[in-house]
Participant: 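Have a look at this one.
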Amino acid sequence: MPELPEVETTVRGLTGVLEGEVLARVEPRRADLRRAIPVDLRQRLTGARVTGLSRRAKYGLIATDRGDTMIFHLGMSGRWRVDPEDIGTHDHLVIETGSGRLLALNDPRRFGSIDLVETALVERFAPFMALGPEPLGEGFDAPYLAAALEGRVSAIKLLLLDQRIVAGLGNIYVCESLHMAGIAPTKPGGRIARKRLDLLVEAIKEVLAAAIEAGGSTLRDYARPDGQLGYFFKQWRVYGREGLECPVCAQPVLRRVDGGRSTFYCGKCQG
DNA sequence: CTTGTAACCTGTCTGC
DNA sequence: TGCAGACAGGTTACAA
């Protein structure tokens, strides 16, 4: 489930386990995920103390007192298991803290990544260089978005998934935001009226904030030792709800495919 | 520069 | 029960 709110939830959860702790054991279980895991990861992190955790877009950052920061991305299927009873096939990185807590980065599809960069150079970490502003930050507002979309003819749905325009949205929250703002997913980005852009920016911030808020209650399940997810509260208005009633107008939610990915929307509210 | 498509992987669910 | 096909929260390489 890793879009911005899920990564934020994950980072907050990991903070409780890792902050201030020594990394007593750092054990990569394979050489690569999406890309190679740094060969010196174990050597550089073992014995280091975690000084802080943070998030940038969909990346989680774990900084240490040795001047290194580990940066992870959960891809499509990644999650951290906390105090797992045993280590399985898809646990690609295992960490044990000085207090004896156990963490396992589990990612069946291996679309995620693990990098290690000098903390002082984090801003120059290649994948960060092209990222747009944080959607919850002050740099993301209607004037910015208007400028970023100017002249673009692609569907707004696809443009919002472009991390260079705004960093952290994924398929779920793009669908949800467009529904809340009443914008058709196929609308060319550059042809959205300024008033609608105001609504869109507001919707994005609102949806993400609400999801993070709910993430607090999700964390227990998300990071449960037994790895079971279960009991997911789906507060989605349209995502994954094809054929069900639009919560606003009761028309059936529609699904279409854009860029190879499902788009859920209401034909009436987002006409 | 923009745009569109395929590819990377494994697991799960549906329908025959 | 088996099996094929569709689909899944993301990113990136490449062609046009």
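Reminder, nothing fancy here: chain letters follow the sequence lines and each chain counts from 1. As the structure is a prediction and not an experimental result, all values here were calculated from the model. Note: hydrogens, waters and symmetry copies are ignored here, and every other heavy atom, side chains too, is used.
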Participant: Any carboxylate oxygen within less than 4.0 angstrom of a Lys/Arg side-chain nitrogen, looking at A/Arg42 and A/Asp40?
Facilitator: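 A/Asp40 and A/Arg42: not salt-bridged.
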Participant: I'd like to know if A/Asp91 and A/Arg81 make a salt bridge, using a cut-off of under 4.0 Å between side-chain N and carboxylate O.
Facilitator: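 Salt bridge between A/Asp91 and A/Arg81, a charged N being under 4.0 Å from a carboxylate O: yes.
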Participant: Counting only distance, no hydrogens or angles, is the base of B/dC9 paired donor-acceptor with the side chain of A/Arg110 under 3.5 Å?
Facilitator: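 When only heavy-atom distances are counted, A/Arg110 does not reach the base of B/dC9 through any donor-acceptor pair under 3.5 Å.
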Participant: Of the options B/dC9, C/dT11, B/dT3, whose atoms approach the side-chain atoms of A/Ser154 most closely?
Facilitator: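 The answer is B/dT3, which lies nearest to the side chain.
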Participant: Measure from CG on A/Asn171 to P on C/dA8 and round the result to the nearest Å.
Facilitator: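 So the CG-P distance, A/Asn171 to C/dA8, works out to 8 Å.
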Participant: Please give, in whole Å, the distance from C/dG9 C1' to A/Phe72 CZ?
Facilitator: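 Whole-Å distance recorded here is 15 Å.
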Participant: Considering Watson-Crick and G-U wobble pairs with both distances under 3.5 Å, what does B/dC9 pair with?
Facilitator: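 In the structure as shown, B/dC9 has no Watson-Crick or wobble partner.
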Participant: Could you tell me the separation between the CG atom of A/Leu169 and the P atom of C/dT11, rounded to a whole number of Å?
Facilitator: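 Going from A/Leu169 (CG) to C/dT11 (P), I get 10 Å.
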Participant: Measure from the side chain of A/Arg152, starting at C-beta and using heavy atoms only, and say which of B/dT3, B/dT10, C/dG9 lies closest.
Facilitator: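 That would be B/dT3.
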Participant: When you compare the side chain of A/Val253 with that of A/Glu245, does any pair of heavy atoms fall below 4.5 Å?
Facilitator: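 Heavy-atom side-chain distance check fails, nothing below 4.5 Å.
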Participant: In whole angstrom, what separates A/Met76's CE from C/dT11's P?
Facilitator: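 It is 10 Å, rounded to the nearest whole Å.
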Participant: Looking at B/dC9, B/dG11, C/dG10, which one has an atom nearest to any side-chain atom of A/Pro108?
Facilitator: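 Shortest atom-to-atom distance from the side chain points to B/dG11.
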Participant: By nearest nucleotide on DNA chain B, pick out whichever of A/His90 and A/Leu158 is the more 5' one.
Facilitator: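 Nearer the 5' end of the strand: A/Leu158.
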Participant: C/dG9 P sits how many Å from A/Gln163 CD, rounded?
Facilitator: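 Rounded to the whole Å, the gap is 14 Å.
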Participant: Rounding to a whole Å, what distance do you find between A/Leu161:CG and B/dT3:P?
Facilitator: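 After rounding, the gap between these two atoms is 14 Å.
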Participant: Side-chain N or O of A/Lys58 versus OP1/OP2 of C/dG10: is the shortest distance under 4.0 Å?
Facilitator: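 True: A/Lys58 side-chain N/O within range (under 4.0 Å) of C/dG10 OP1/OP2.
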Participant: In whole angstroms, how far is the P atom of B/dC1 from the CG atom of A/Leu149?
Facilitator: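 After rounding, the reported distance stands at 18 Å.
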Participant: With sugar-phosphate meaning primed atoms plus P, OP1 and OP2, does A/Arg255 contact a base, only sugar-phosphate, or nothing at under 4.0 Å between heavy atoms?
Facilitator: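 Counting heavy atoms under 4.0 Å across all strands, the contact made by A/Arg255 is with sugar-phosphate only.
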Participant: Under a 3.5 Å cut-off for both contacts, is C/dG9 paired Watson-Crick or G-U wobble with anything, and if yes, with which nucleotide?
Facilitator: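 For C/dG9, the partner nucleotide comes out as none, under the 3.5 Å rule.
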Participant: With centres under 5.5 Å and planes under 30° as the test, does A/Phe111 stack with B/dC8?
Facilitator: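 Taking the rule of under 5.5 Å and under 30°, the ring of A/Phe111 does stack on B/dC8.
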Participant: Can you measure A/Ile114 atom CD1 to C/dG10 atom P for me and round it to whole angstrom units?
Facilitator: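 Checked: the CD1 to P distance equals 19 Å.
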Participant: Nearest to the side chain of A/Arg35 - B/dT3, C/dG9, C/dT12?
Facilitator: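 Nucleotide nearest to A/Arg35's side chain: C/dT12.
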Participant: Establish whether the base of C/dA8 is bridged to the side chain of A/Arg261 by a donor-acceptor pair shorter than 3.5 Å.
Facilitator: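 No.
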Participant: Identify whether any heavy atom of A/Ser262 sits under 4.0 Å from a base atom; if not, whether one sits that close to sugar-phosphate; answer base, sugar-phosphate or nothing.
Facilitator: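 Since only primed, P, OP1 and OP2 atoms lie under 4.0 Å of A/Ser262, the category is sugar-phosphate.
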Participant: Output, in order, the C-alpha distance, side-chain angles, deciding distance and verdict of side chain to side chain contact (heavy atoms under 4.5 Å, CB included) for A/Thr69 and A/Thr64.
Facilitator: CA-CA 6 Å; A/Thr69 293; A/Thr64 73; over 6 Å; no
Participant: In plain terms, say whether A/Glu6 and A/Arg79 are close enough for a salt bridge, that is, a side-chain N and a carboxylate O under 4.0 Å apart.
Facilitator: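 No.
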Participant: So with a 6.0 Å cut-off around CZ of A/Arg164, is the heavy-atom count from everything else above 12?
Facilitator: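 Counting other residues, nucleotides and ligands, CZ of A/Arg164 stays at 12 neighbours or fewer.
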Participant: Would you mind telling me which residue lines up with the more 5' stretch of DNA chain B, A/Thr89 or A/Arg34, judged by nearest nucleotide?
Facilitator: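 Residue closer to the 5' terminus by nearest nucleotide: A/Arg34.
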Participant: Taking the P atom of each, how far is B/dT3 from C/dG9, in whole Å?
Facilitator: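 Pairwise P distance, B/dT3 against C/dG9, rounds to 22 Å.
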